[in-house]
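Notes follow the structure.
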Amino acid sequence: MSTEFTPRERRLIARLKTPSQVQAYLNRLPYNYEKGGETLRGFRGVVEHGQAHCLEAALFAAVVLEQHGYPPLVISFESADKLDHVIYVYKVNGRWGSIARSRDPGLNGRLPVFRSARALAASYVDPYVDYTGRVLGFAVVHVGEQMGEYDWRLSSKNVWKVEQMLIDYPHHRLGMSDARYERLLAKYTAF
């Protein structure tokens with residue numbers, strides 16, 4: 001474990017050894033409801049402030065689980081309304097799962113039961129539909145490789161460069177037919 005972690009951070013990482021433990025920890029934190037998208041905290045900021053939105057939760061999970069041998073992988077979802085979503089992803093016994101936080105419970109984490117990253121991403125398509133949201137594409141990104149020497153792990157400042165990298169990263173098309181979207185939107189509106 002890196003000596004750059006504070007004693008508090010090291011204790012937390014030592015306690016959160018599995019994806020399910022990390023998901024449970026994040027579920028207990030208040031969601032970071034921002035009025036104007038004013039924060040993008042990394043691991044250290046989440047620990048310090050005790051709250052997280054989707055990308056903050058994904059970065060927190062990536063740092064914690066990297067210390068336990070998991071690669072820092074995320075899936076970035078591209079949405080029609082530009083309110084993109086990011087989740088941390090991992091593999092156990094060849095199956096894909098995720099750790100995620102969202103204002104919408106349908107967009108939270110998934111158990112590792114999916115045969116591929118695409119199948120995992122597809123499980124988010126239907127619950128993403130709301131008045132403006134619709135998944136257009138997804139990308140699996142190794143944050144550590146893409147960010148190089150940039151301090152996204154331990155910075156106490158906002159890490160906007162991570163968000164911009166995810167926006168710029170090529171996404172694979174993933175979506176649904178217009179007819180299916182209209183049916184789901186009608187159900188959402190009726191609800």
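Bear in mind that the values here come from a model prediction, so they are computed numbers and not experimental data.
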Taking 4.0 angstrom as the limit, do D178 and R134 come out as a salt bridge?
yes
So do T39 and H53 actually touch side chain to side chain, heavy atoms under 4.5 Å?
yes
Y169 vs H171 aromatic rings, parallel, tilted or perpendicular, using cut-offs 30° and 60°?
perpendicular
Determine whether V63 and V46 satisfy the following criterion, side-chain contact (heavy atoms from CB on, under 4.5 Å), listing intermediate values before the conclusion.
CA-CA 11 Å; V63 170; V46 171; over 6 Å; no
Could you check whether any side-chain heavy atom of I167 comes within less than 4.5 Å of a side-chain heavy atom of E163, counting everything from C-beta outward?
yes
Should we count CG of L111 as having more than 12 external heavy atoms under 6.0 Å?
no
Any side-chain to backbone donor/acceptor pair from D84 onto E78? Under 3.5 Å, distance only.
no
So, Q21 side chain and K17 main chain: donor-acceptor pair closer than 3.5 Å or not?
yes
Starting at CG of L65, measure out to CD1 of I99 and round the result to the nearest 0.5 Å.
5.0 Å
Mark yes or no for whether S76, through its side chain, and A139, through its backbone, hold a donor-acceptor pair below 3.5 Å.
no
Would you say E56's side chain and R41's backbone share a donor-acceptor pair under 3.5 angstrom?
yes
Nearest 0.5 Å please: distance from the CZ atom of F43 over to the CG atom of L59.
11.5 Å
Checking H68 side chain against L16 main chain: does a donor-acceptor pair fall under 3.5 Å?
yes
Between the side chains of S102 and D104, does any donor sit under 3.5 Å from an acceptor?
no
Short question: side chain of E9, backbone of R44 - any donor-acceptor pair under 3.5 Å?
no
Can you check whether H172's main-chain N or O pairs, donor with acceptor, with R118's side chain at less than 3.5 Å?
no
Has S123 got a side-chain atom pairing as donor or acceptor with L120's backbone, closer than 3.5 angstrom?
yes
All salt bridge (charged side-chain N to carboxylate O under 4.0 Å, His left out) counterparts of D168, not counting sequence neighbours:
none
Considering only NZ, NE, NH1 and NH2 on the basic side and carboxylate oxygens on the acidic side, decide whether R153 and E66 come within less than 4.0 Å.
yes
Can you check whether Y150 reaches M165 side chain to side chain, under 4.5 Å on heavy atoms?
no
Considering residues at least two apart in sequence or located in another chain, which fulfil the side-chain contact (heavy atoms from CB on, under 4.5 Å) criterion with R103?
Y31, Y33
Below 30° counts as parallel, above 60° as perpendicular, anything between as tilted: where do the rings of F77 and Y124 land?
tilted
Could you tell me whether a side-chain N or O of N158 sits under 3.5 Å from a main-chain N or O of L40, the two making a donor and an acceptor?
yes
Is a donor from one side chain sitting under 3.5 angstrom from an acceptor on the other, for E48 and S156?
no
Contact summary for A100 and L107, nearest pair of heavy atoms
CB-O, 3.5 Å
For Y70 and Y88, run ring pair (Phe, Tyr, Trp, His ring centres under 6.0 Å): C-alpha distance rounded to whole Å, both residues' side-chain angles, the deciding distance at 0.1 Å, then the answer.
CA-CA 11 Å; Y70 293 85; Y88 172 79; 7.2 Å; no
